[in-house]
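Every chain is numbered from 1 and lettered A, B, ... according to where its sequence line falls, protein lines coming before strand lines.
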Number of protein chains: 2
Amino acid sequence: MAPDIVSVLDQICTDIRKPAKSVVFRQGEQADFIYFLQSGALRIDCQLEDGRNLVLDFLWPDRFLGIVENDVYAWSATALVDVHLKRLRRSTLQSLAQDYPRIMDLLLQQKSASLMAAKNHIILMSCPTATHKLIGFLLDYSKRPEYYNPATQMLTLVMSRKDIADYLGMTFETTSRVFKYLETHNYIRKINHRQIQLTPHILQDA
Amino acid sequence: MAPDIVSVLDQICTDIRKPAKSVVFRQGEQADFIYFLQSGALRIDCQLEDGRNLVLDFLWPDRFLGIVENDVYAWSATALVDVHLKRLRRSTLQSLAQDYPRIMDLLLQQKSASLMAAKNHIILMSCPTATHKLIGFLLDYSKRPEYYNPATQMLTLVMSRKDIADYLGMTFETTSRVFKYLETHNYIRKINHRQIQLTPHILQDA
DNA sequence: CGAGTATTTGAGCAGCATCAATAAGAGTGG
DNA sequence: CCACTCTTATTGATGCTGCTCAAATACTCG
């Protein structure tokens, strides 16, 4: 990411701040803007025709969102905590890409990051049991420096049981039961619903 | 895809033909080449540490493969039928990208296609039952003009039951049983293992 | 504090995995 | 072309996992 583009983008982007639980954009809306997540965390989900609500991804800082091929957003983005975003018109980015070829590198790099996340998601969903899925999820999550402290092994979940369930393709009851299983088998310690501590037992699986 | 690039690529690419069941590249190998699938079909799979074999995607003509970030392939590509590919050194493509900026568009477009496929894969894997998964798979598959004839509704499967199972995250026994279920409930007619006919019953679900 | 939401927990059942055996089909060499 | 082998697919029996519906509890926010 060359400094010249960053400074240019910095100047023309609009700063957007959204509180937790607010929607950044909604599936089906006119896709006028590209966003760049500065801080906080987002949930990307889509509503299927059969009524299912599917969480496609969780997004962390330094990630773009709203890069779509067609003219409407194919999924929704919701803030899980208070977020800070930079916003840019899609049309502006497109014209800018001609003067700054590095923007294409940036876009390609972001697409690659999305693709890697999707492949990892597929691997998680293919796990044979719900326990494997959740352990895999927690180990991935423990790579987020904002929400995991390796010194204390404390992990702050920014999403609900239902969000995790919709991400892993299971019900929230099962998610809750597996959390219980992990606690009784000494994989984790629960401080409260959103605060858990990982034990060496679960960490050595990584 | 501008004609100038295509003609340039055509000249410098090596033509590669591989018989069915042969491996194009293997997970972990030095990623020296980018491939462009001209005809046939490929299976992309990866071997996980726990011994599972996971099918990440099936690739059809006009798709690139081997676009990786690091220097080794993260997954393997295997020919499902006889395939025709064009091959290019990664380093050649990189230097070419400076003279032909359109190559970046091409790469971005291919990444987007991979990402869309992955999202769709996630949607399939999140289906509540194996029957839903397989019906979704067959309906997607029926969009391949090479292997589905809308006039006769005949569909030629290029992959095994195990391939389908590893793609959908289930066992091949379950795949087989669901095929049986679909046949007895008049969703499909089986001509042989690899040839099935879709009925209006299944097609109206799309 | 109180209302609404999120999470936990329970009981019963359906669906899928596992292990095992048989059948169908593909490939090979006489 | 047929017989034989090997691979792929089907089918069966059984047990476990996770879903459904339901109720109780914990937590959040105004």
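Rounded to whole Å, the distance from CG on L157(B) to C1' on dA9(D) is 13 Å. To the nearest angstrom, C1' of dT10(D) lies 14 Å from CD1 of I164(B). For I196(A) and dC27(D), the CD1 to P distance is 15 Å, given to the nearest whole Å. To the nearest angstrom, C1' of dT28(D) lies 16 Å from CG of L80(A). Remark: P of dC16(C) and CE of M170(A) are 17 Å apart, rounded to the nearest angstrom. What separates CG of L182(A) from C1' of dT8(C) is a distance of 15 Å, to the nearest Å. In this entry the distance linking NZ of K180(B) with P of dC16(C) reads 18 Å, nearest Å. Rounded to an integer number of Å, the gap from CZ of F179(B) to P of dC16(C) is 15 Å.
Checking dT20(D), dT7(C), dC16(C) against every side-chain atom of T129(B), the shortest atom distance belongs to dC16(C). Checked against dA6(C), dT20(D), dT10(D), the side chain of R161(B) finds its nearest nucleotide in dT10(D). In this structure, the nucleotide among dA9(D), dT18(C), dA17(C) sitting nearest to the side chain of E173(B) is dT18(C).
Neither OP1 nor OP2 of dC16(C) sits under 4.0 Å from any side-chain N or O of T171(B). Taking 4.0 angstrom as the limit, K162(B) places none of its side-chain polar atoms (N or O) nearer than this to OP1 or OP2 of dA9(D). Note on T174(A): every side-chain N or O is 4.0 Å or more away from OP1 and OP2 of dG18(D). Distances shorter than 4.0 Å separate some side-chain N or O of K190(B) from OP1 or OP2 on dT10(D). Taking side-chain N and O atoms only, R194(A) has a distance below 4.0 Å to OP1 or OP2 of dT7(C).
At a cut-off of 3.5 angstrom, the base of dT18(C) holds at least one donor-acceptor pair with the side chain of R177(B).
Residue K190(B) qualifies as enclosed at atom NZ: its count of foreign heavy atoms under 6.0 Å is above 12.
Taking the six-membered ring for Trp and the full ring otherwise, Y141(B) and Y148(B) have centroids separated by 6.0 Å or more.
Figure legend: R161(A) and F179(A) shown as a cation-pi pair, the cationic atom lying under 6.0 angstrom from the six-membered ring centre and within 45 degrees of its axis.
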| What's the verdict on salt bridge (charged side-chain N to carboxylate O under 4.0 Å, His left out) for E69(A) and K111(A), showing C-alpha distance, side-chain angles and the deciding distance? | CA-CA 12 Å; E69(A) 285 67 45; K111(A) 280 275 178 195; 2.8 Å; yes
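Relative ring orientation between Y187(B) and Y181(B) is described as parallel, the plane-to-plane angle staying below 30° on a 0-90° scale split at 30° and 60°. In this pair, F36(A) and F64(A) present their aromatic rings perpendicular. The plane angle is above 60°, beyond the 30 to 60° band.
Position along DNA chain C of the nearest nucleotide to K21(B) versus G169(B) favours G169(B) as the more 5'-ward residue. DNA chain D is contacted by both N192(A) and H193(B); H193(B) maps to the nucleotide lying nearer its 5′ end (nearest heavy atom per residue). For the pair F172(B) and M159(A), nearest-nucleotide mapping onto DNA chain C gives the more 5' position to M159(A).
Counting any heavy atom pair closer than 4.0 Å across all strands shown, S160(A) reaches sugar-phosphate atoms only and no base atom.
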